[in-house]
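Data block below; observations after.
Given the structure is predicted, the values throughout are model-derived calculations rather than measurements.
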Amino acid sequence: MQHYYAKTKRQYNFVVKQINRLLNNNEWESLDSSKQDQLKKKLARLFKKLNSHFNSKSLVRAMGAAALVVGVTTQSYGQSFTSAVQNPFGLTKKTTFFAQPDFVDIDGDGDLDMFNTDGNANQLMYHQNTGSKTNPNFAAGVLDQFGLDTTGGYSFTHSFGDLDNDGDYDMIAGGLPYGDLVYYQNTGSATNANFATPQNNPFGLTAVMGGFGAMADFVDLDADGDLDIMATDYGFEFYFYENTGTPSAPAFAASQKNPFGLSSASVWISRASFADVDGDGDYDFLTADYYGELMYYKNIGTKTNPNFAAPTQNPFGLSNAGGYPSFIDFADLDGDSDADLMVGDYYGDYFYFKNNSGLGFSEEQLTGLNIYPNPSKGIVQIDIEDNHGDVSVEIIDLAGLTVFEKQFENSSGIHLDLAELPRGVYFAKVSSENKSGLQRLILQ
């Protein structure tokens, strides 16, 4: 892997020098526009690959004058979200209070569906995505779909993840009123979900000590291949439950209160939502306070040993959208491989912040991409319709972290051995020159 990054860094430096030479010799403006686009897109592709392994600011500084061509500077580079769009993608204001969006591809069709809590009945409402992964549209909500029995008041918050490593999504919910963590095992499949009778506090879990209104999120916070849980109480504290079991046989240690440099919040906070927000290869998270302000906790540690800085209010162009209080979830809703943000508020409205980060180049779609068998036991074959020269393959987990990466000198007969990866749902991104393709991949 180190050799791969060294080679990619050399390619990056070569393209930077090529662009800067053209600029210095006053040849850039006279260059054919298609050649300009080719060089810029190649630089963008190499930058994205290196950004998970090297400091992004140092990469931008290394561009020199080329940074002006691609439109970034060492001061301006970073995450950026567009202004909030209220009730997008066919969503409408709820007639009941509490909009608590949670996104998951529950029907296995390659796009993200949405679950939400019905604030009056404390039941889960399912909104099927009838659009696509790049242009979602959410149908009207259906209560307690897929056998999800939440009538006991256990659906205040919810999070989906493959806790038993069988290739489909299970669910953890925060219970009212005693802070229980309630587990719903998916006994169906990745394409036909069905949930078993809920279990209170299984696998060694205990009720969140703060009591009333536990809010939990699955996250592999120590990068050991299994899902841990970070919970907040209906108040001010964080509780971390480390999974000391295995990807298929979870077992949770006693909760740790405010670990990893975290501290009690000054006002009420909602569920934490995790993503690699700054693109440095580890998990950061956002939460929202009682007044609807979005609080960003940057991971200043590593992906195996996290440590979170003091929160920053409404960074990256984010703002208080609905207020009092807000519930958030990261999700790639436009299919461009970065984490967008959906915010729901107490009054039933949704607010969408599109992630507009990176160098700003859209890659052309790679045609004729075939990844098989899928589902796979670990051995995967990749075919591309035409020979596209050098090809790189990334396997990306559901949180957006690259867990496998390899480069090939040509696109004929790419063969991957992914047997060491935990079973579950991933995305395979295949890139060649200025084109890329993304497909969902299930490892069984």
Side-chain angles (χ1 to χ4, degrees), residues 97-104 114-119 122-125 148 150 152-161 163 170-184 198 200-202 205-219 221 227-243 252 255-260 262-275 283-297 308 311 322-331 341-346 348 350 399:
F97 59 90
F98 286 132
Q100 297 187 43
D102 196 15
F103 295 92
V104 60
M114 189 182 85
F115 284 84
N116 188 24
T117 298
D118 182 293
N122 270 331
Q123 293 175 277
L124 274 183
M125 185 172 287
L148 275 168
T150 57
Y154 295 131
S155 63
F156 185 67
T157 62
H158 35 87
S159 178
F160 290 87
L163 190 58
D170 311 297
M171 189 184 82
I172 194 84
L176 291 172
Y178 303 114
D180 290 314
L181 296 173
V182 186
Y183 172 59
Y184 295 78
N200 281 29
N201 304 316
L205 292 169
T206 56
V208 172
M209 288 185 290
F212 186 84
M215 294 173 279
D217 196 23
F218 284 125
V219 57
L221 202 50
L227 290 175
D228 311 301
I229 293 174
M230 182 69 83
T232 57
D233 63 11
Y234 193 81
F236 307 90
E237 314 292 352
F238 298 94
Y239 297 90
F240 176 65
Y241 297 81
E242 182 185 0
N243 189 343
F252 292 93
S255 65
Q256 304 173 49
K257 182 178 178 180
N258 296 327
F260 313 126
L262 297 169
S263 59
S264 300
S266 58
V267 294
W268 178 92
I269 50 175
S270 67
R271 187 190 74 170
S273 185
F274 289 83
Y283 284 112
D284 316 288
F285 73 89
L286 259 73
T287 186
D289 71 12
Y290 181 82
Y291 302 104
E293 309 295 347
L294 301 175
M295 311 301 294
Y296 168 58
Y297 292 79
F308 295 99
Y324 179 70
S326 293
F327 301 87
I328 66 175
D329 193 35
F330 279 117
L341 189 68
M342 186 72 82
V343 179
D345 73 3
Y346 175 87
Y350 303 92

field: Leu221, Leu181, Asp228, Leu227 screened by side chain to side chain contact (heavy atoms under 4.5 Å, CB included) with Tyr241, the one that passes
entry: Leu181
- request: Mark yes or no for whether Asp180, through its side chain, and Val182, through its backbone, hold a donor-acceptor pair below 3.5 Å.
  value: no
message: Just checking Phe260 against Phe238, ring centres under 6.0 Å apart?
response: no
message: Please evaluate residues Phe115 and Leu148 with respect to the criterion side chain to side chain contact (heavy atoms under 4.5 Å, CB included), reporting the C-alpha separation (whole Å), side-chain torsions for both, the decisive distance (0.1 Å), and the verdict.
response: CA-CA 11 Å; Phe115 284 84; Leu148 275 168; 3.8 Å; yes
- line: Here the pair of heavy atoms bringing Ala216 nearest to Ser159 is O-CB, 3.4 Å
- prompt: Atom CG in Asp102, atom CZ in Phe160: separation rounded to 0.5 Å?
  reply: 6.0 Å
- line: For Asp217, the salt bridge (charged side-chain N to carboxylate O under 4.0 Å, His left out) test, sequence neighbours excluded, returns none
task: Mind checking the NZ-CD spacing from Lys257 to Glu237? Nearest 0.5 Å is all I need.
output: 4.0 Å
- request: Tell me, with the steps shown, if Thr206 and Asn201 meet side chain to side chain contact (heavy atoms under 4.5 Å, CB included).
  value: CA-CA 5 Å; Thr206 56; Asn201 304 316; 5.7 Å; no
- prompt: Can you name the closest pair of heavy atoms from Ala99 and Asn116 and give their distance?
  reply: C-OD1, 3.6 Å
query: Side-chain contact, heavy-atom cut-off 4.5 Å: Arg271 with Asp329?
result: yes
field: Val343 side chain near Phe327 side chain, heavy-atom distance below 4.5 Å
entry: no
- request: Evaluate the criterion side chain to side chain contact (heavy atoms under 4.5 Å, CB included) for residue pair Leu163 and Ile172; output intermediate values, then yes/no.
  value: CA-CA 9 Å; Leu163 190 58; Ile172 194 84; 5.7 Å; no
- request: State the OH-CG distance between Tyr297 and Leu286, to the nearest 0.5 angstrom.
  value: 9.5 Å
Single hit among Phe308, Phe330, Tyr296, Phe240 for ring pair (Phe, Tyr, Trp, His ring centres under 6.0 Å) with Phe285: Phe308
statement: Here the pair of heavy atoms bringing Gln256 nearest to Glu242 is NE2-OE1, 4.4 Å
- request: Evaluate side chain to side chain contact (heavy atoms under 4.5 Å, CB included) for Phe218 paired with Ile229, printing each intermediate quantity in order.
  value: CA-CA 5 Å; Phe218 284 125; Ile229 293 174; 3.9 Å; yes
- request: Working to the nearest 0.5 Å, report the span between CD of Gln100 and OH of Tyr346.
  value: 12.0 Å
task: Determine whether Thr117 and Leu124 make a side-chain contact, defined as any pair of heavy atoms from C-beta on separated by less than 4.5 Å.
output: yes
Closest contact, heavy atoms only, Gly292 versus Ser326: CA-OG, 3.6 Å
message: Are the side chains of Thr287 and Met230 in contact, using a 4.5 Å heavy-atom criterion?
response: no
- request: Write down the atom of Ala272, the atom of Thr232, and the distance for their closest heavy-atom approach.
  value: N-CG2, 4.5 Å
task: Taking all heavy atoms of Met295 and all of Pro311, pick out the closest pair and write down the distance.
output: CE-CB, 4.0 Å
